[in-house]
Amino acid sequence: MRDRSSRPQTDRPHVPSAAEPSKLDLLPGGFVAQRPREDPERESLIGALSGYWAILMRRKLIVALVLAAAVGVGYFWLQQQVPIYRASAKVIINYDPPKVLQVRDVVELGSPKEYRGQLAYFETQYRIIKSNLVAEMVLNRENLWNDPHLLGFDRRPQLTQADKDGVIEKTHQPSLLAGMIQVRPVPNSMMVQIDFDDPDPAFAQRVVNAVALAYKDQNVGYKDKIVEAATRDLEKSAEQKKQEVAQALQARIAFEQLHDMGSVDVAKESIDERMKKLESDLTTARTERITLEARWNALSRYAKGSDPFRVSSKDILDSDVIRLLKTQIAGVEAELAGLRTKYLERHPDVVSKEEELAKLRAIARQEVENLAQSVRNQLVQIKQVEDGLGHELAGVRSEQSRISILALEYTRLKETEQQVKDTEAVIAKRLSEMKESAKFETNNVRVLDEATLPNAPISPRRAMVLAVAFVLGLILAIGTALLVDYADATVKDWKDLEERLGHKVLGVVPVIGPRSSRGMTPEERRERDLYIHQNPTSNAAEASRSLRTNLLFMSTAKKLETLLITSASPSEGKSMMAAHVATSVAASGSRVLLVEADMRRPRLAQSFKVPHTVGLSSALVDSDSIDRYVQKTEVANLDILPCGPVPPNPAELLHTARFSELLAEMKRRYDTVIFDSPPLLPVADGLVLAQQLDGVLVVVRAGQTSRHALRHALRSLTNVEAPILGMVLNYQSHRKAGGYGYGYGYGYGYGYGYRSKNPEAAAQEP
């Protein structure tokens, strides 16, 4: 049969029309099967929830047990818990402490103005509240050292005194108490809530109030200690500064006496004036020396015989004698020039004039030399003056340096004395302020609300614990139910068959009689096999008629003459289903032959109360007509061919040509031939028959048939190309969505064999 995805549908068949050819599948042998219609609710949320709800209803016992166990565990846990009470006190931590005096405190209580500084400050205060220091103050204030309740001795009465002493020795009690203190800042405020949890409400109230007061006192105590230490240090420093002032004063006086510092200022002023005068005279002398050096350099060239009338020196040009000589020389030269025009060179007049001119020139040269010597003498004199002024100025500068050093040292001594006096004044003022400030106790911490006696425990919260236990139990119960259900490999309902295996479900048959076949008497089996004949208006009869109708719809292309009814495993109701289908088809007017082909554990002959000494096994080994072996039943139009004696080789008999002859004769004599075969998995009889018949109807028992076994059986039928018409779900509970309550499991070790050849004995077996 072709693999195809299936969809859920109702138990009633849908008759296909000619306009719907796409909804028909062709089966081997020419039969048609309707495809499962798509169910829009299958993929919807409601459909999914309905499926889960069905699982929970099917496993409601597991859900109830797990939920009850979870709530019971929660209740038992509550009974074991000791109620815990919480006492709370509120404390305000101000940014700034109150200012009684307008002085700066040694310790600025409060926080810095910056945002990060405030966060760090408050976080520090929270840790101080939970510190061992505050816890130790509480232990001292309330006398709680070695307190039995704090150490938990009252909750452990089995401890001996030695055990208690060991606990006391090993326990750091401040750390123990500090670990029990809780601090919770109140958002958007400067308030802090201090909590203490304890089984004794009075003890919790007592401790938390002591913690609040201890923190407040610690804050002030910290300030007092710092102020006290600072006061001692300032007093010591003030005394030292007094001594330093006296030492500085004495040093200044001694310096004044040693260096006669009374005339230092006058001497310094006189030296400054002398120094200015000497520097001015020295500058003048240097200027005059430079001028004389220039004059000397100019005159020294002409003093060696140069023509004085070609000199551009100012000293020569400004000399009256030189100017007179120059005029006389010029006159003589003119006369000499005139004479030379008249006389020869050796004329007496010419010679006389030349001698006169030479004399005048010698006088002029001598005059120039005299001028040069005069300038030379002046230069020597001015150099001497300059040197003298330089030596004098150096002496004055040396004296000035000495006086300046003394003045600087004196100034330093005076400044040191003043600095020490100023420092002494500052320390004295600060010391006075501290002493005044210490007289007033200011604190930026105050207790707003003291703790009251708690009247209700905070732990355990019974309602919450039970609610959580219920919710967790419900989740665990649902998970367990789903896990168990998904771990259960048995078929639950017709949707399970179609969705997981892809084969059409042709009918759903409700439970008839006891759900278990074990322990049933032959009479009870007979009543169940003939139930729809004896109760034609029952739900089971209606379900059988619906199954018959579905089978007729599948034979529209070719008449269904032979039908094999089998199952994957034993005890799934195939024999009962064969009887019911045969009864339903016979009730429609067709001539029906029910063949008991289960030649290993036959029981239909006993149910229909017909002789079983001869039957199918006899007909297969004989050559007589089938009329010799067919028996009439109390159901109209229904004959039965019982098994007959149980043969040792049923599968080999079904492979013979004699069986083919018998099958052809059955088709000629009857409208429909229905075979009840053994289960498919334990033996091969059903597969042998399936190859030779028109169609196979597989019986599935709800809550018992394993999907794995059924899938294996269907695969075996497909491998031999058997025409699988569909499946019928047997033992389906009337209750919606299941909850069948059948036993699980199947067994391939089903007792087919050759234990007995007596049909009566075999019929007694379940």
Between [X] and [Y], a side-chain donor and acceptor under 3.5 Å:
X	Y	result
Asn140	Glu136	no
Gln173	Asn146	yes
Tyr85	Gln205	no

Those residues that, when tested against Phe203, pass ring pair (Phe, Tyr, Trp, His ring centres under 6.0 Å) (two or more places apart): His149
Which pair of non-hydrogen atoms, one from [X] and one from [Y], has the smallest distance, and what is that distance?
X	Y	value
Val63	Ala481	CG2-CB, 3.7 Å
Ile128	Val134	O-CG2, 3.1 Å
Pro460	Pro83	CD-CA, 4.1 Å
Ala212	Val91	CB-CG2, 3.9 Å
Ile427	Ala238	CG2-CB, 3.7 Å
Pro679	Lys574	CD-CE, 3.6 Å

Full working for side chain to side chain contact (heavy atoms under 4.5 Å, CB included) between Glu239 and Gln243: CA-CA 7 Å; Glu239 184 64 28; Gln243 296 177 4; 4.0 Å; yes
Contacts of [X] that satisfy salt bridge (charged side-chain N to carboxylate O under 4.0 Å, His left out) - sequence neighbours left out:
X	result
Arg156	none
Lys241	Glu244
Arg446	none

Kindly indicate whether the side chain of [X], heavy atoms from C-beta on, has any atom under 4.5 Å from the side chain of [Y].
X	Y	value
Val698	Val728	no
Ile168	Phe153	yes
Leu139	Pro174	yes
Arg715	Arg711	yes
Leu680	His712	no
Leu681	Ser569	yes
Pro457	Ile84	no
Met576	Tyr531	no

[atom1] of [X]: more than 12 outside heavy atoms within 6.0 angstrom?
X	atom1	result
Lys242	NZ	no
Lys90	NZ	no
Arg141	CZ	yes

Residue pairs passing the salt bridge (Lys or Arg N to Asp or Glu O under 4.0 Å) test where at least one lies in residues 186-212, sequence neighbours excluded: Arg86-Asp197, Glu142-Arg206, Arg184-Asp195
Of Gln80, Gln79, Gln81, the residue whose pairing with Trp77 passes side-chain contact (heavy atoms from CB on, under 4.5 Å): Gln81
Side-chain (Asn730) to main-chain (Ala702) donor-acceptor, under 3.5 angstrom: no
Donor-acceptor pair, side chain of Asn444 and main chain of Asn94, under 3.5 angstrom: yes
side-chain contact (heavy atoms from CB on, under 4.5 Å) against Thr160, all qualifying residues, sequence neighbours excluded: Ala162, Asp163
Between OG on residue Ser131 and CD1 on residue Ile181, distance to nearest 0.5 Å: 8.0 Å
Electrostatic pair Arg127-Glu123, nearest N-O below 4.0 angstrom: yes
